[in-house]
Amino acid sequence: MLLKARTLNLISRSHPQRALNVNHLSHYFALFTTTIAGNTKQSDSPDPDSSESPDIPSWVTNQNPESQPSEDDDFVIPSLASWVGNHPKVKPFASATEKPQTQLDIFTQILKKPYSSPEEVVDTLNRSSLSVPSVSVNRLWKRFHDCWISAYGFFIWAKEQTGYKHDPQSYSFMVDILGKGRKFDLMFDLLEEMNQLKGYINLYTIVKVMRRLARAGRFSEAIEVFRRVEEYGVEKDIMALNGLLDALVKGDSVEHAHEAFLEFKECMTLNSSSFNTLIHGFCKARKLDDARKILKEMKEYGCQPCVVSYTCFIEAYCREKDFEKVDSVLDEMKKKGCTPNAVTYTIIMHARGKSGTIRKALEVYEMMKNDGRLPDSSFCSSLIFILSKGGRLKDADEIFEDMEKQGIKPTVLTYNTMISLACEHSLEEKALKLLQRMEEDSCKPNVFTYKPLLRMCCRKKRMKVLNVLLSHMLNNDVSIDLSTYCVLVHGLCSCGKLEQAVAYFEEMVLKGMIPLDSLRKKLVETLEKENMTEAVEKIQRLMSNVTAK
DNA sequence: GTAGGGTTAG
C-alpha cells in the first residue's frame, strides 16, 4: 500500500431543494421531480419529451454501466479535511438574483435576428424609436460577442444617438468582437478612431488586438502592431513585449515569438516572464532543445529560473509520458530550493491519471500533501476528473462536496468538470442540478458549461430542455460561438432532428460564422438520405453566399 | 494575459 489508508471521512450532504432563480430551469426540475416521484417505469411517465425518448433515463434507475469498479478501487483517498485541517469555511455563496432588465431584453430580441450587414441593424434600430440602454451595454457586448454584425450595428447606431458616447471600455469590447469575427480592416479602423479620441487606447486594447491577430495566424501583423505601439499612445515597455510574446505563443507560433524576442530584447530590460513565455512556447511545440537554450540564456541574463520555468519542462515531459524525466526535474528543483506548487502537482497528477492507473496519480496527491502545499480548486477539479475517468464517481462526488467545507470554493472549472462528467454518463438530473447549484453559488457559467449539456440533450432527444438551456445561456450573457453551433448541428443531425439542424446551420451562417466543410458535408449527406431536397438547396445557397463574400 | 480545462466542433 503506497498511500496511508485512511477512512474516507467525507460526509455526503443532502441538498435540500431550493427555489430557483431562473424560472425555466425550475419548471424543468418540477417535471423531473414528478418523473421521479411517480412510477417512472410506467410508459406514461410525464417525461418532458416522452414521445421521443421512451427509455427510462439512466438517472432514474441509477445504473451507470460505465462506472464499473476499477483496479484501483482498493485505494482509499485521504479526505481533504485530513490535509487542509481547520481551514476556515467559506461563507455561503450569495444567490444569483438578478432582476430582468427590460431594456436589455428588448435590444436582445432585436439583435438576435440574423442580419446581413451592420447597416441593416442600424436601419432596424433607427425605425424602432428606442434610445440607448443606460446600464446594460456591457451585457450586450457579452451576449453578442460571437456576432460581430449585430454588435457592430448596435455600436454604430448608438454612436449616432444624440447625447450618447461610447466609453473606452465599449470601444475595447468592440475591437475585440471585430477581431474575433476576423474583420481586421474594421478592427483597425476602429483602433484609429480610438486613437483620435485620445486616451481611449491602453495596453489592454493593444494586447487584445495582438492576440486576435495571432489567433488568426497573422503573426507579422501582430508584431507590426507592437512596432507601432507608441503611435497608439502606449509605452513600448516590457509589459507590452511580454503581451506580444504571449499572444504569438498562444497563437501557436513560438518561432515568431522568438523572432520578436530577438528583434526587441536589446531595447528594454527583460524579466522572467519574457523567458518563461518562450520556454513555454518551445515546450508546447515539443522543441525542448530550444527551450533549454532559452533557460540557459535566462541564467546568463541574470534571471533565476523559477517554478514556472521548471513547470513548463515538467508539463512537456508529462506530455511525452516520460515520468523519469519529470522526477529528475523535481529533483533539480529541490536542489535549487525551488519548491513545486499546486500548478506543478496538478500537471503531474493529471498526466499520471490520464496515462494509466489512478494509483500513481494519488501518489502525487500524497507527495503534495507531504510538501505542505495546499490544494486549490484547479487541483481538486483535476482530481475529480481523473477519479471519474477511473470509474470512481462516488469518490469524485465526495471530493466535490468536501471542497466547500475545506474552504476551497468551486470555480467554473470545477462545475464544468462535474457537469461534463455527469453528461458523459447521461446523468441528466445530476447535470441540471449542478447547473442550478452553480447559479445558487453565484458562479458564472461559460460556454464550456453548456456544451456537454447541449450535446447530451441532442443525444437524448430532449428538445424542450435544449431550448431551456439556450435561454439560460442567453440570460447568463453567454453567446453561442462557432463550436457550440457545431455541437448543435452535429447533435441534431445525429438524432434525426434535421429541421432544427438546418435552422441552426442557417442561423450560424447568417451570423457571419463560417463552418468547417466537414459539418456542411455531414448535414447535406444526412439530408440527402432523407430526400430533403429543398433543405439541401437551402444549405448550398447559404454556402455560395458565404464564398461569394 | 508567465505554467495547470479534461476544451475535439469531429
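Keep in mind that this is a model prediction, so the values were computed, not measured. Reminder, nothing fancy here: chain letters follow the sequence lines and each chain counts from 1.
A/K451 has a side-chain polar atom (N or O) that falls below the 4.0 Å cut-off from OP1 or OP2 of B/dA9. Within the structure, every side-chain polar atom (N or O) of A/R455 is placed at least 4.0 Å from both OP1 and OP2 of B/dT8.
Counting any heavy atom pair closer than 4.0 Å across all strands shown, A/V308 reaches a base atom. Residue A/A342 is in base contact, counting any heavy-atom pair closer than 4.0 Å across all strands shown. Within 4.0 Å (heavy atoms only), A/N242 reaches no atom of the nucleic acid at all. Using a 4.0 Å heavy-atom criterion, one finds that A/S382 contacts the bases of the nucleic acid, with or without backbone contacts as well. Heavy atoms of A/S381 sit under 4.0 angstrom from at least one base atom. Among the heavy atoms of the strands, none lies under 4.0 Å from A/K389. No contact: A/Y310 has no heavy atom under 4.0 Å from any strand. Among the heavy atoms of the strands lying under 4.0 Å from A/T277 are primed sugar atoms or P, OP1, OP2 only; no base atom is included. In this structure, A/K284 reaches neither bases nor backbone, as no heavy-atom distance under 4.0 Å exists between it and the strands shown. A/L516 comes within 4.0 angstrom of a base, heavy atoms only.
Going from atom CG of A/D252 over to atom P of B/dT8 covers 12 Å, rounded to whole Å. Spacing between atom CZ of A/F275 and atom C1' of B/dA3 amounts to 17 Å, rounded to whole angstrom units.
The two residues A/R319 and A/K284 come nearest to each other via the heavy atoms NH1-CA, 3.6 Å.
At distances below 3.5 Å, at least one donor-acceptor pair connects side-chain atoms of A/N271 with backbone N or O atoms of A/S274. With hydrogens and angles ignored, the 3.5 Å screen pairs a side-chain donor or acceptor of A/N195 with a backbone N or O of A/E231.
Two rings, from A/Y232 and A/Y200, have their centers 6.0 Å or more apart.
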